[in-house]
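Each remark here refers to the structure printed beneath this line.
Every value quoted in this text rests on a predicted model; they were computed, and no experiment measured them. Reckoned from all heavy atoms, side chains included, excluding hydrogens, waters and symmetry mates. Convention: sequence-line order gives letters A, B, ...; per-chain numbering from 1.
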Protein chains: 2
Amino acid sequence: MSDLAKLAGVSKATVSRALSGSELINPATREKIQALAKQYNYRLNTQARNFRLKESLTITVIIPSAESAKWQISDPFFLELLGSISVCLMEKGHEMLLSAVDFHLPDKTSGLSKINSDGIIVIGQSYIHKGLNEYARSHPQLVVWGARMEDQDYCCVGGDNLRGGLLATQHLIERGCKHIAIIGDREVPEGNLRYQGYLRALQDAGIERNPALEISIGSQKNEGYDATLLLLSRGVKFDGIFLLSDALAMASISALDEHGIAVPKDVAIVGYDDISLARYYTPSITSVHQDREIGGRLLVEKLLQLIDGQEVESFTMPTNLVVRKSSKKTTQATVTQHPADNRE
Amino acid sequence: MSDLAKLAGVSKATVSRALSGSELINPATREKIQALAKQYNYRLNTQARNFRLKESLTITVIIPSAESAKWQISDPFFLELLGSISVCLMEKGHEMLLSAVDFHLPDKTSGLSKINSDGIIVIGQSYIHKGLNEYARSHPQLVVWGARMEDQDYCCVGGDNLRGGLLATQHLIERGCKHIAIIGDREVPEGNLRYQGYLRALQDAGIERNPALEISIGSQKNEGYDATLLLLSRGVKFDGIFLLSDALAMASISALDEHGIAVPKDVAIVGYDDISLARYYTPSITSVHQDREIGGRLLVEKLLQLIDGQEVESFTMPTNLVVRKSSKKTTQATVTQHPADNRE
DNA sequence: TTGAAAGCGCTAACAA
DNA sequence: TTGTTAGCGCTTTCAA
């Protein structure tokens with residue numbers, strides 16, 4: 001920069017002002033300097049600038065990774081949300097630092113405090129709601145995609161999971177299902193709310209809950225597959241399954257298919273998230289839609305407001321069901337399998 | 001830091017040395033200072049440190065975004081590779097800056113030079129091979145996932161696309177297919193090589209190439225769907241399709257299914273990449289496997305060597321076919337559709 | 001083994 | 001409108 005200053009015959013300060021497009025500078029000088037900068041292919045040292053300004057223009061996005069397969073970034077929906085966040089951040093002139101954190105590790109949120117950026121977006125509360133609460137008290141520059149909780153000290157954006165679970169289950173009931181299984185991770189707040197919606201729908205319809213139809217697992221595809229096999233092995237009747245994510249739904253359909261059980265003929269399937277592939281699966285998957293574009297935008301905007309020192313409210317996005325083939329009504333049938341293997 | 005120095009009754013320099021675990025310091029002093037730092041929850045200012053050291057410990061990963069849907073980060077395989085890269089980078093103590101760039105834009109690679117990090121990993125050459133070459137000449141801290149090219153001035157890691165295309169097509173031929181369509185993006189180097197493999201397999205088997213069976217499109221799911229409809233509308237006979245990615249394969253199967261064409265009974269399908277979902281699609285998808293874990297690790301290691309000033313060679317990873325149901329032999333059948341709509 | 005001091009490249013008071 | 005100057009928080013010579 002001092003070189004450039006010499007070349008232009010002005011001081012460093014003037015160059016700095018010219019390059020940052022300051023108001024209080026002679027337009028002629030500014031253009032001269034900018035031309036010179038371009039000519040010599042000079043670029044501001046962002047590190048120095050950020051250091052000086054005590055800002056990084058960088059946002060850290062944390063996405064939970066799957067414990068079992070660390071190199072595999074979790075849920076496709078989160079990835080699609082990530083795409084939306086990435087675009088918004090870019091529009092606002094921020095960089096995106098991506099960090100896949102395994103929240104199953106003992107230290108859990110301890111990694112958060114090592115982060116050095118203007119703000120943090122956590123995609124999915126995972127198992128760390130309390131940790132987030134604690135962290136947020138000292139570092140308010142945090143927004144989280146997830147479920148609204150009673151005791152929530154951080155800003156949270158997410159879908160209406162209770163309603164989503166309700167819609168999904170009601171749909172299966174309306175479609176004629178009497179024995180509706182539910183498979184997914186109920187340990188995480190979002191999953192739990194979807195489960196509550198499921199319970200409520202059953203209750204509203206006067207259907208008694210059957211614990212043998214409920215399986216709480218992680219969110220990996222193989223777990224969806226295995227859980228479906230487990231369900232089959234229980235020998236309990238079921239004619240519909242509500243899966244707490246589309247990835248699980250796909251794996252489940254795959255498992256059913258391998259056992260000669262047809263979807264939707266024998267069993268109706270409803271997933272969650274309406275990931276882009278849901279429409280292109282065979283059969284296409286009925287799913288609870290969450291708008292990732294709006295979601296990502298909201299997360300970014302709220303975080304930026306937070307960084308700006310503004311007060312910010314959490315937001316729950318409306319949610320709707322997209323009906324596709326996997327739950328289409330056909331000639332009814334109910335599956336019973338291997339009543340032998342009847343452990344838990 | 002100066003506060004900490006006062007507390008410890010030493011100079012800033014000593015604190016700095018203690019915290020960086022320098023050799024030339026009294027172990028007693030070091031431990032005292034480290035204890036103090038922990039007690040007061042003091043952390044080094046990374047920005048200042050990086051600025052001083054002229055390093056960022058940050059690697060930028062560039063992943064091409066789909067032109068049509070900017071918020072949707074492209075191919076699932078790239079995402080899985082990204083996961084692997086992320087883990088390796090973390091292991092090596094680097095941060096990962098993620099940038100989704102639309103290489104269809106007119107400026108194309110111009111964005112690269114604005115990047116301010118220790119090195120760049122580009123996932124997929126996309127349409128910018130020349131731009132990468134040019135960039136690499138002045139900025140050698142660059143590795144690219146993609147295809148080996150004759151004139152390549154950058155370090156490149158990727159699968160053996162020619163062989164992959166060959167294996168996929170040979171498999172379809174062995175399985176009895178006589179009329180093998182190919183759908184995918186041949187504009188990008190990787191796609192083109194896979195296509196060359198396809199051509200060679202046909203040639204080896206003495207099957208004449210039929211341009212009506214070839215469709216070059218982008219890599220979005222809807223394009224795979226549309227391309228399949230286009231193929232059907234051409235009214236040309238086909239009993240197998242080689243799709244240049246698994247995402248396309250899924251969309252294609254979906255399109256066929258909607259037209260009452262069964263996979264693999266009527267048409268055999270082979271995809272590419274062996275993404276984790278391939279095994280859980282219905283039917284499960286035969287696909288050319290590329291090891292994302294090793295791939296990611298290689299990319300990171302080579303980049304770090306490059307940053308370290310070492311000479312680095314490009315590497316082509318071995319490639320193999322994973323056979324699943326989508327290409328399983330059944331009672332043979334050949335589809336002909338709508339010979340009416342025979343334009344193009 | 002430790003301290004004093006310089007300086008990384010930039011911005012922003014303050015002065016001119 | 002521009003220049004002078006100080007200083008962000010750290011590391012690292014060099015000297016003690």
Separation of atom [atom1] in [X] from atom [atom2] in [N], rounded to whole Å:
{"X": "A:Arg52", "N": "D:dC8", "atom1": "CZ", "atom2": "C1'", "value": "6 Å"}
{"X": "B:Glu31", "N": "C:dT1", "atom1": "CD", "atom2": "P", "value": "13 Å"}
{"X": "A:Glu55", "N": "C:dA12", "atom1": "CD", "atom2": "C1'", "value": "14 Å"}
{"X": "B:Lys6", "N": "C:dT2", "atom1": "NZ", "atom2": "P", "value": "20 Å"}
{"X": "A:Ile33", "N": "D:dG3", "atom1": "CD1", "atom2": "C1'", "value": "12 Å"}
{"X": "B:Leu19", "N": "D:dC10", "atom1": "CG", "atom2": "P", "value": "9 Å"}
{"X": "A:Arg43", "N": "C:dG9", "atom1": "CZ", "atom2": "C1'", "value": "15 Å"}
{"X": "B:Leu24", "N": "D:dT13", "atom1": "CG", "atom2": "C1'", "value": "12 Å"}

Test item: A:Gln125 and A:Val188 side chains (from C-beta on) under 4.5 Å apart, heavy atoms: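 No; the side chains remain at least 4.5 Å from each other.
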
For the residue pair B:His129 and B:Tyr154, does the interplanar ring angle fall in the parallel (under 30°), tilted (30 to 60°) or perpendicular (over 60°) class?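 Perpendicular: the ring planes of B:His129 and B:Tyr154 meet at over 60°.
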
Side chain of [X] only, heavy atoms from C-beta on: which candidate in [options] is closest?
{"X": "A:Leu44", "options": "C:dA12, C:dC10, D:dG9", "answer": "C:dC10"}
{"X": "B:Thr14", "options": "C:dT2, D:dC10, C:dA12", "answer": "C:dT2"}
{"X": "A:Asn26", "options": "D:dT2, C:dG9, D:dG3", "answer": "D:dT2"}
{"X": "A:Lys12", "options": "C:dC10, C:dG3, D:dT2", "answer": "C:dC10"}

Indicate whether OP1 or OP2 belonging to [N] is found under 4.0 Å from a side-chain N or O atom of [X].
{"X": "B:Tyr42", "N": "D:dG9", "value": "no"}
{"X": "A:Ser11", "N": "D:dT2", "value": "no"}
{"X": "B:Arg17", "N": "D:dT12", "value": "no"}

Taking all heavy atoms of A:Ser84 and all of A:Gly296, pick out the closest pair and write down the distance.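 Residues A:Ser84 and A:Gly296, closest heavy atoms: OG-CA, 3.2 Å.
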
Write down the atom of A:Met317, the atom of A:Asp291, and the distance for their closest heavy-atom approach.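 Smallest interatomic distance, heavy atoms only, reads CE-O, 3.4 Å.
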
Okay, side chain of A:Lys302, backbone of A:Val143: is any donor-acceptor separation there less than 3.5 Å?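 Checking the backbone N and O of A:Val143 against the side chain of A:Lys302, no donor-acceptor pair under 3.5 Å is found.
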
Using a cut-off of 4.0 Å on non-hydrogen atoms, how would the nucleic acid contact of A:Ser16 be classed: base, sugar-phosphate, or nothing?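 If one applies the 4.0 Å heavy-atom cut-off, A:Ser16 turns out to touch a base.
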
Could you check whether B:Thr29 gets within reach of a base, just the sugar-phosphate, or nothing at all, counting any heavy atom under 4.0 Å?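 Here B:Thr29 touches the backbone only, sparing every base.
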
Could you say whether B:Ile25 or B:Lys54 is positioned toward the 5' end of DNA chain C, judged by the nucleotide with the nearest heavy atom to each?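 Its nearest nucleotide being more 5', the pick is B:Ile25.
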
